[in-house]
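One structure below.
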Amino acid sequence: MKTLLKTILVGAVLASGVAWAAGAVDPVVGTWTLNVEKSKFSPGPAPKSQTRTYSAGADGVSLSVSGVGADGTAISQESTFKYDGRAYVMRGAADYDAISLKQVDGNTVKSTMLKAGKPVGTTTRTVSAHGKVLTLSTKGTDANGKPYDNVAVYDKQ
């Protein structure tokens, strides 16, 4: 009888955990503001400001990026994508025109930036365990062929 009760209890706990995971909201959903002081842009310079807004919908995750670049020009980018490894159009990015994403775990996504179908960079996107910090670690080559290695840190709004 004790074994049966343990089996039922373990089954119930596992079932509730699976149900929670299936309905879990992507932790990146929300609005994030660049923390320039905590970020590192090599070779730089850093943008003056940047806000990233992620929302979930039937077509996948939508991303809208706005801000002011280091030279004072406006930043405006957008994309809608899924974490399925397929390439999705990225509008407004100077260094790439598409992005391909794969989910690593509940808080981490790896992506490849593409220009004319060829990889030009990679990013690891991590949301902290407490859900208040987003870190984008990006390595790539810009539109002029110069390599960059950036760690951008964002605070949830």
Side-chain angles (χ1 to χ4, degrees), residues 9-42 46-70 73-143 148-157:
L9 180 61
V10 168
V13 168
L14 288 174
S16 66
V18 169
W20 174 83
V25 175
D26 188 339
V28 80
V29 169
T31 300
W32 303 85
T33 302
L34 179 66
N35 186 325
V36 177
E37 293 78 32
K38 291 183 180 178
S39 300
K40 295 176 184 168
F41 292 86
S42 177
K48 292 181 180 183
S49 67
Q50 191 177 101
T51 300
R52 301 174 73 86
T53 302
Y54 294 86
S55 58
D59 293 334
V61 177
S62 293
L63 168 64
S64 175
V65 181
S66 62
V68 178
T73 60
I75 297 170
S76 179
Q77 302 171 354
E78 59 182 33
S79 184
T80 299
F81 49 80
K82 294 180 182 177
Y83 304 124
D84 59 6
R86 297 172 63 189
Y88 293 91
V89 173
M90 181 67 161
R91 290 170 291 284
D95 300 329
Y96 55 98
D97 55 22
I99 189 165
S100 167
L101 303 95
K102 289 186 182 179
Q103 186 101 29
V104 174
D105 60 37
N107 288 9
T108 307
V109 170
K110 291 200 179 242
S111 62
T112 300
M113 287 90 68
L114 306 156
K115 182 78 168 182
K118 295 183 181 184
V120 294
T122 60
T123 297
T124 299
R125 185 189 82 198
T126 307
V127 176
S128 64
H130 55 69
K132 296 183 181 184
V133 177
L134 168 66
T135 304
L136 300 177
S137 300
T138 305
K139 292 183 181 187
T141 305
D142 69 15
Y148 61 89
D149 186 352
N150 300 332
V151 177
V153 179
Y154 297 81
D155 298 315
K156 190 153 195 183
Q157 300 305 297

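Listed here is the closest heavy atom pair of G131 and W32: O-CH2, 3.6 Å. Between D105 and T108, the shortest heavy-atom distance links the atoms OD1-N, 2.9 Å. The minimum heavy-atom distance linking A143 with A94 is given by the pair CB-O, 3.8 Å. Between P47 and L34, the shortest heavy-atom contact is CG-CD2, 3.7 Å.
One distance of note links CG of L63 with CD of Q77; it measures 7.5 Å at 0.5 Å rounding. If you take OG1 on T80 and OH on Y88, they are separated by 10.0 Å, rounding to the nearest 0.5 Å. To the nearest 0.5 Å, the span separating OG on S100 from CE on M90 amounts to 13.0 Å. With values rounded to the nearest 0.5 angstrom, T141 atom OG1 is found 12.5 Å from K115 atom NZ. To the nearest 0.5 angstrom, R125 atom CZ is 11.5 Å from T135 atom OG1. Distance check: L101 CG to K82 NZ gives 13.0 Å after rounding to the nearest 0.5 Å.
Side-chain contact between K102 and Y83: absent, with no pair of heavy atoms (C-beta onward) separated by less than 4.5 Å. A 4.5 Å side-chain heavy-atom check between I75 and V65 finds at least one atom pair inside the cut-off. A 4.5 Å side-chain heavy-atom check between L136 and R52 finds at least one atom pair inside the cut-off.
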**Asked** Would Y96 and L114 count as a side-chain contact (heavy atoms from CB on, under 4.5 Å) if you check the C-alpha gap in whole Å, the side-chain angles of each, and the deciding distance to 0.1 Å?
**Response** CA-CA 5 Å; Y96 55 98; L114 306 156; 5.8 Å; no

**Asked** Do V28 and L134 pass the side-chain contact (heavy atoms from CB on, under 4.5 Å) test, and can you show the C-alpha distance, the side-chain angles, and the key distance before you say yes or no?
**Response** CA-CA 8 Å; V28 80; L134 168 66; 4.1 Å; yes

**Item:** Q157 vs T51, side-chain contact (heavy atoms from CB on, under 4.5 Å): CA-CA, chis, key distance, verdict
**Value:** CA-CA 10 Å; Q157 300 305 297; T51 300; 6.0 Å; no

**M113/T138 under side-chain contact (heavy atoms from CB on, under 4.5 Å): CA gap, chis, key distance, verdict** = CA-CA 10 Å; M113 287 90 68; T138 305; 3.5 Å; yes

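Not a single donor-acceptor pair under 3.5 Å links the side chain of D26 to the backbone N or O of V29. Side-chain atoms of S79 come within 3.5 Å of backbone atoms of V89 as a donor-acceptor pair (strictly under, hydrogens ignored). Side chain of N107 to main chain of T126: no donor-acceptor pair is present (N/O by atom type, distance under 3.5 Å, no hydrogens or angles). With Q50 contributing its side chain and K48 its backbone, the two residues share no donor-acceptor pair below 3.5 Å. Checked by atom type and distance alone, the side chain of N35 never pairs as donor or acceptor with a backbone atom of Y154 at under 3.5 Å. A donor-acceptor contact shorter than 3.5 Å links the side chain of D84 to the backbone of R86. T53 places no side-chain N or O within 3.5 Å of a backbone atom of T31 that could act as its donor or acceptor partner.
Within a 6.0 Å radius of NZ in K110, no more than 12 heavy atoms belonging to other residues, nucleotides or ligands are found.
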